[in-house]
Participant: 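Pasting a structure here, questions to come.
In what follows, every heavy atom counts, from backbone to side chain, and hydrogens, waters and symmetry copies are set aside. From a predicted model like this one, the values you see are computed outputs, not experimental measurements.
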Amino acid sequence: CDAIIAANCSKGPTMAGCLWTCKTLTSSTKCDPTADTYFACVKSHGVQCNAAGDAVSPTCGLEWLKAINCATTENPNPAMVVPCNTYCDKVVAAKCPLSGTKDECASNCKWLGATGTGCDDEWGGYLTCANGGNMTCLFGFATAPGCGPEFNAYTKCANAAGKRPEKFKL
């Protein structure tokens with residue numbers, strides 16, 4: 001997290017937000033080796049800001065994906081498993097060209113609602129809304145019409161990491 005913060009990217013994250021991610025990546029002792037491999041890669045190759053202003057370690061993408069996959073497979077938030085499966089079925093059924101596979105959707109969905117993030121209630125609210133209707137394609141991605149307020153509540157929570165340390169305390 002020190003390297004990520006030192007990069008001083010316009011989209012952060014804050015130290016608390018970074019620690020939030022680390023906590024999720026290490027939520028299962030079975031995942032510690034993949035998380036450690038990712039952390040070692042970042043330490044070795046450094047962090048830079050991408051064009052969007054996010055802090056990334058471009059040479060560590062595969063290690064990042066393995067760490068996320070492990071965390072969401074080995075220790076998913078139980079409250080997210082069924083709603084994410086339903087949501088991803090709907091995403092795939094929409095047949096939008098940029099939405100990806102069901103496995104990619106499930107991994108991302110479970111990651112966004114991971115235990116310990118402090119935003120799982122907001123993500124669950126979005127999933128409840130999205131699962132109540134059909135998806136449509138917008139700019140090539142599946143979207144849930146009418147669920148903007150719920151999605152905004154989730155992003156507001158996620159963006160607040162570090163501004164409410166009591167909620168994200170490790």
Participant: Taking all non-hydrogen atoms of both residues into account, name the closest pair between Val91 and Ser99 and its distance.
Facilitator: CG1-CB, 3.7 Å

Participant: Taking ILVMFWY side chains as joined if any heavy atoms are under 4.5 angstrom apart, and letting links pass through other members, which residues group with Val81?
Facilitator: none

Participant: Mark yes or no for whether Thr34, through its side chain, and Cys31, through its backbone, hold a donor-acceptor pair below 3.5 Å.
Facilitator: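 Indeed, once roles are kept as given, a pair shorter than 3.5 Å links the two residues.
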
Participant: Can you tell me if the gamma sulfurs of Cys22 and Cys1 fall under 2.5 Å?
Facilitator: no

Participant: On a heavy-atom basis, which atom in Leu25 and which in Ala35 lie closest, and how many Å separate them?
Facilitator: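 Scanning both residues, the minimum pair turns out to be O-CB, 3.9 Å.
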
Participant: Show the nearest heavy-atom pair for residues Ala55 and Cys9, with the distance to one decimal.
Facilitator: CA-SG, 3.6 Å

Participant: Counting C-beta onward and ignoring hydrogens, is there a side-chain heavy-atom pair between Asp32 and Thr29 closer than 4.5 Å?
Facilitator: yes

Participant: How about Cys109 and Cys88, are their SG atoms within less than 2.5 Å of each other?
Facilitator: no

Participant: Could you give the distance from SG (Cys41) to CG (Asp36), rounded to the nearest 0.5 Å?
Facilitator: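 The CG atom of Asp36 is 12.5 Å from SG of Cys41, to the nearest 0.5 Å.
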
Participant: Where the side chain of Asn69 meets the backbone of Leu65, is there a donor-acceptor pair that is under 3.5 Å apart?
Facilitator: no

Participant: Tell me if the centroids of the rings in Phe151 and Tyr126 come within less than 6.0 Å of each other.
Facilitator: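 Phe151 vs Tyr126: aromatic centres under 6.0 Å.
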
Participant: Using every non-hydrogen atom in the two residues, find where Met80 and Asp120 come nearest and quote the distance to one decimal.
Facilitator: CE-O, 3.1 Å

Participant: Looking at every non-hydrogen atom in both residues, tell me the closest pair between Ile4 and Cys18 and how far apart they are.
Facilitator: CD1-SG, 3.9 Å

Participant: Using the side chain to side chain contact (heavy atoms under 4.5 Å, CB included) rule, take Trp123 and Cys84 through it: C-alpha gap first, then chi angles, then the decisive distance, then the call.
Facilitator: CA-CA 10 Å; Trp123 185 245; Cys84 281; 4.3 Å; yes

Participant: When rounded to the nearest 0.5 angstrom, what is the spacing between CD1 in Ile5 and OG1 in Thr14?
Facilitator: 6.0 Å

Participant: Is the closest side-chain heavy-atom distance between Val92 and Cys105 below 4.5 Å?
Facilitator: no

Participant: Is there any side chain to side chain donor-acceptor pair (under 3.5 Å) pair reaching into residues 129-150, and which pairs are they, with sequence neighbours excluded?
Facilitator: Thr136-Thr143

Participant: Please check: side-chain N/O of Lys66 versus main-chain N/O of Thr37, any donor-acceptor pairing under 3.5 Å?
Facilitator: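 Answer holds: no.
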
Participant: Would you mind reporting whether Asn152 and Lys156 have side-chain heavy atoms less than 4.5 Å apart?
Facilitator: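 Contact flag for Lys156/Asn152 side chains = no.
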
Participant: If the plane angle is over 60° it's perpendicular, under 30° parallel, otherwise tilted; pick one for Trp64 and Tyr38.
Facilitator: tilted

Participant: For residues Met135 and Tyr87, determine if any side-chain heavy atom of one lies less than 4.5 Å from a side-chain heavy atom of the other.
Facilitator: yes

Participant: Is any side-chain heavy atom of Val56 closer than 4.5 Å to one of Val47?
Facilitator: no

Participant: Do Glu104 side-chain atoms and Thr101 backbone N/O form a donor-acceptor pair below 3.5 Å?
Facilitator: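 Yes; judged by distance alone, with no hydrogens or angles, the pair exists.
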
Participant: Assess the cysteine pair Cys96 / Cys137: is their SG-SG separation shorter than 2.5 Å?
Facilitator: yes

Participant: Can any side-chain N or O of Thr73 pair as donor or acceptor with the backbone N or O of Cys70 at less than 3.5 Å?
Facilitator: no

Participant: Taking all heavy atoms of Glu122 and all of Tyr154, pick out the closest pair and write down the distance.
Facilitator: CB-CA, 3.6 Å

